[in-house]
Trainee: 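Here you go, one structure.
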Amino acid sequence: NIATFASNITIVIAELTDPWRAVSVMREVVPDYVFHFAAQAFNGMSYQEPAYTLNTNVMSTLNILEAIRQMGREKETRVFIAGSSTVYGASTEQWGGPIPESA
């Protein structure tokens, strides 16, 4: 039940492609865990706007990791980066279910 620990969770909405904002959020929150779900996740858009997709997905991740490094919290803060099987390309279409480890 989330009610038992909800008071320990801080949800932050921020423009993470802005390195200054990423650092300021991390300094404000000083997280033990970061669940990074910020991404451009629409497959069709990734083909139409590849530079935007790259900038959004890679730079936001870099800025989060760099903010943690600048704070000297590499050992204290754990980062979970969400992703999907689509990052592996067309090979994901070969499987009828989850992609096996041997893929």
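All values reported here derive from a predicted model rather than from experimental measurement.
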Trainee: Is there a path of hydrophobic side-chain contacts, each under 4.5 Å between heavy atoms of I, L, V, M, F, W or Y residues, that connects I68 with V23?
Mentor: no
Trainee: If the test is salt bridge (charged side-chain N to carboxylate O under 4.0 Å, His left out), which one of R78, K75, R73 qualifies with D32?
Mentor: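 With D32 as partner, R78, K75, R73 yield a single salt bridge (charged side-chain N to carboxylate O under 4.0 Å, His left out), made by R73.
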Trainee: What's the separation between atom CG in L65 and atom OG1 in T77, rounded to the nearest 0.5 Å?
Mentor: 10.5 Å
Trainee: List the atom of A67, the atom of A22, and the distance in Å for their closest heavy-atom pair.
Mentor: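 That would be CB-O, 3.9 Å.
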Trainee: So if you build clusters from Ile, Leu, Val, Met, Phe, Trp, Tyr with side-chain heavy-atom gaps below 4.5 Å, do V25 and V79 land together?
Mentor: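 No, because V25 and V79 fall into different hydrophobic clusters, even though each may have its own neighbours under 4.5 Å.
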Trainee: For the hydrophobic clusters of this structure (ILVMFWY residues joined by side-chain heavy atoms under 4.5 Å, transitively), does one cluster hold both V34 and F80?
Mentor: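 Different hydrophobic clusters.
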Trainee: Check whether any side-chain heavy atom of I2 sits under 4.5 Å from a side-chain heavy atom of I9, and report yes or no.
Mentor: yes
Trainee: Once rounded to the nearest 0.5 Å, what's the spacing between atom CD1 of I64 and atom CE of M26?
Mentor: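 Going from CD1 on I64 over to CE on M26, the span is 5.0 Å.
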Trainee: Can you check whether E76 reaches M71 side chain to side chain, under 4.5 Å on heavy atoms?
Mentor: no
Trainee: I'd like to know if the side chain of N63 reaches the main chain of M59, judged simply by a donor and an acceptor atom lying under 3.5 Å from each other, with no hydrogens or angles considered.
Mentor: yes
Trainee: Which value, rounded to the nearest 0.5 Å, describes the distance between T53 atom OG1 and Q40 atom CD?
Mentor: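 So the OG1 of T53 and the CD of Q40 are separated by 3.5 Å.
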Trainee: In Å, rounded to the nearest 0.5 Å, how long is the span from CG of N55 to CG of L62?
Mentor: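 Result: 10.5 Å between the selected atoms.
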Trainee: So, taking the atom named CD in E28 and the one named OG1 in T10, what distance separates them when rounded to the nearest 0.5 Å?
Mentor: 9.0 Å
Trainee: How long is the straight-line distance from CD of E49 back to OG1 of T56, given to the nearest 0.5 Å?
Mentor: 10.0 Å
